[in-house]
Amino acid sequence: MSELVQQWMQALIRMNLSFHTRKAYQRDLLQFTVFLSCKSVALQQVTHHTLRQFAAQRIEVDRISSSSLQRELSAVRSFADWLVEQEIIAQNFALDFAIQRPNRPLPGMLDAEIMPQILDQVAPEKERDAQLWCRDKAILELFYSSGLRLSELAKLTLTQLDLARGLVSVVGKGNKTRVVPVGSKAIEALQAWLQLRNSWVAPEEDAIFVSERSGKGLSTRQIERRVSLQAERAGISQHLHPHLLRHCFASHLLASSGDLRAVQELLGHADISTTQIYTHLDFAHLAKVYDSAHPRARKKSS
């Protein structure tokens, strides 16, 4: 079976899946292949009963979370799809198998009114700190303006940015490219930062956001620290991180437009169900929509 797994890994490379995604699939599938080996069950013999035994062992004996088991089953399902394509098995034994999906907690939220407190704060007095704020403000504005993932922003290069047209080309999950608008405030912040960047950047470095000390592109961890630091400087008690800014982008946009499909495209979600969980409207907005739209909710004018 290990040879089949290696062949599948090669197939994933041809599908342009990232190194980290392939390793995650391989790691998750390993648990299932070890289980089958211990039970002396061949791939052609796997049934829903086998999968239920596997799920029970992982939850009850190995004590993994339901979300981790869901991830492993997803790897098994994808592997079985490939086995069917290779005519090794007749049908995907995991296709209709599912365990009850736990409720997914929504990330925290910042009110739209709080965002200016962070983004419009006054620059520090010290020149070095003011320069760092110039860069960090461009980072914050771009996160909130365009809903980028942390990994997407960290990998951004100059060629992906088109400030004249107000667009940024992003390479997201699965190496899929999407083009996202950049708001006017973010454009202003980026223009200011790019002027300063020229005096910091190391030779042949094309990352947009670079370190003052090394001139090299910022790591994801460095970006996380700077986002958190600037929120603290603005007096925000809630922990601010890039994922929260992405969530605020989506939630505030959805609350204003109500266009779930558009938000899905901007976020780069393959499945709209992900967008439905990831974004939410506040109750006041929902109540307002209900009162104005439902025929039995509207009050009669006197």
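Note that the numbering runs from 1 along the sequence shown for the chain.
Of the possible polar contacts, none joining the R246 side chain to the F143 backbone as a donor-acceptor pair under 3.5 Å is found. With hydrogens and angles disregarded, no donor-acceptor distance shorter than 3.5 Å links the side chain of R22 to the backbone of I13. Although no hydrogens or angles enter the test, the distance criterion places no donor-acceptor pair under 3.5 Å between the side chain of S211 and the main chain of L218. Side-chain atoms of W193 come within 3.5 Å of backbone atoms of I208 as a donor-acceptor pair (strictly under, hydrogens ignored). Checked by atom type and distance alone, the side chain of S78 never pairs as donor or acceptor with a backbone atom of A75 at under 3.5 Å. Remark: side-chain polar atoms of Q57 are not paired, donor with acceptor, to backbone N or O of F54 under 3.5 angstrom. In this structure, E205 contributes its side chain and A202 its backbone to no donor-acceptor pair below 3.5 Å. Between the side chain of N92 and the backbone N or O of R77 there is at least one donor-acceptor pair closer than 3.5 Å. With hydrogens and angles ignored, the 3.5 Å screen pairs no side-chain donor or acceptor of S37 with any backbone N or O of T33. Side-chain atoms of R197 come within 3.5 Å of backbone atoms of A207 as a donor-acceptor pair (strictly under, hydrogens ignored).
Here the CD-CE distance, from Q10 to M15, works out to 13.0 Å after rounding to the nearest 0.5 Å. If you take CD1 on I88 and CG on L4, they are separated by 4.5 Å, rounding to the nearest 0.5 Å. With values rounded to the nearest 0.5 angstrom, S169 atom OG is found 9.0 Å from L156 atom CG. Atom CD in E232 sits 11.0 Å away from atom CD1 in I118 (nearest 0.5 Å). Here the CD atom belonging to E152 is positioned 10.0 Å from the CG atom belonging to L142, to the nearest 0.5 angstrom. Atom CD of Q44 and atom CZ of F93 lie 9.0 Å apart (nearest 0.5 Å).
In summary, the side chains of Q230 and R233 do present a donor paired with an acceptor at a separation below 3.5 Å, with no hydrogens or angles considered. Between the side chains of T157 and Q160, at least one donor-acceptor pair of N or O atoms lies under 3.5 Å.
For D129 against P124, the heavy-atom pair with the smallest separation is CB-CB, 3.6 Å. For the residue pair S145 and G183, the shortest heavy atom distance occurs at OG-N, 2.7 Å. When all heavy atoms of A154 and T220 are compared, the closest pair comes out as CB-CG2, 3.8 Å.
No side-chain heavy atom of W8 sits less than 4.5 Å from a side-chain heavy atom of L83. Looking only at side-chain heavy atoms (C-beta outward), L240 and L245 come within less than 4.5 Å of each other. Contact annotation: the side chain of R178 approaches that of V180 to within less than 4.5 Å [non-hydrogen atoms, C-beta and beyond]. Residues L150 and E224 form a side-chain contact, since some pair of their non-hydrogen atoms from C-beta on lies under 4.5 Å apart. V84 is not listed as a side-chain neighbour of D81, based on a closest heavy-atom distance of 4.5 Å or more. With contacts defined as side-chain heavy-atom distances shorter than 4.5 Å, the pair H239/S228 qualifies. For the pair M115/D120, no side-chain contact is recorded, criterion being any heavy-atom separation below 4.5 Å from C-beta on. Taking 4.5 Å as the limit, every side-chain heavy atom of L73 sits out of range of all side-chain heavy atoms of D28.
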May I have the step-by-step check of side chain to side chain contact (heavy atoms under 4.5 Å, CB included) for V41 and F35, ending in yes or no? CA-CA 9 Å; V41 176; F35 172 82; over 6 Å; no

Show, in sequence, the C-alpha distance, side-chain angles and deciding distance for L30 and V5, and conclude whether the side chain to side chain contact (heavy atoms under 4.5 Å, CB included) test is met. CA-CA 9 Å; L30 176 63; V5 173; over 6 Å; no

Yes or no on side chain to side chain contact (heavy atoms under 4.5 Å, CB included) for L190 and L163, after CA distance, side-chain angles and deciding distance? CA-CA 8 Å; L190 283 163; L163 293 183; 3.9 Å; yes

Would you sort out whether W133 and Q121 count as a side chain to side chain contact (heavy atoms under 4.5 Å, CB included), showing the intermediate values? CA-CA 10 Å; W133 166 238; Q121 59 182 309; 3.6 Å; yes

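Y144 and L167 fall into different hydrophobic clusters, where Ile, Leu, Val, Met, Phe, Trp and Tyr residues are linked whenever their side-chain heavy atoms come under 4.5 Å apart, directly or through other members. L161 and L158 end up in the same hydrophobic cluster when Ile, Leu, Val, Met, Phe, Trp and Tyr side chains are linked at under 4.5 Å. In the hydrophobic clustering of ILVMFWY residues, with side-chain heavy atoms under 4.5 Å counting as a link, V76 and I89 come out together. Hydrophobic cluster membership differs between V171 and I223, with clusters built from Ile, Leu, Val, Met, Phe, Trp and Tyr side chains linked at under 4.5 angstrom.
Ion pairing between R128 and E212 holds under the 4.0 Å rule for side-chain N and carboxylate O.
The 12-atom threshold is not exceeded at CD of E127, counting heavy atoms of other residues, nucleotides or ligands nearer than 6.0 Å.
In this pair, F79 and W82 present their aromatic rings parallel. The plane angle is below 30°, not in the 30 to 60° band.
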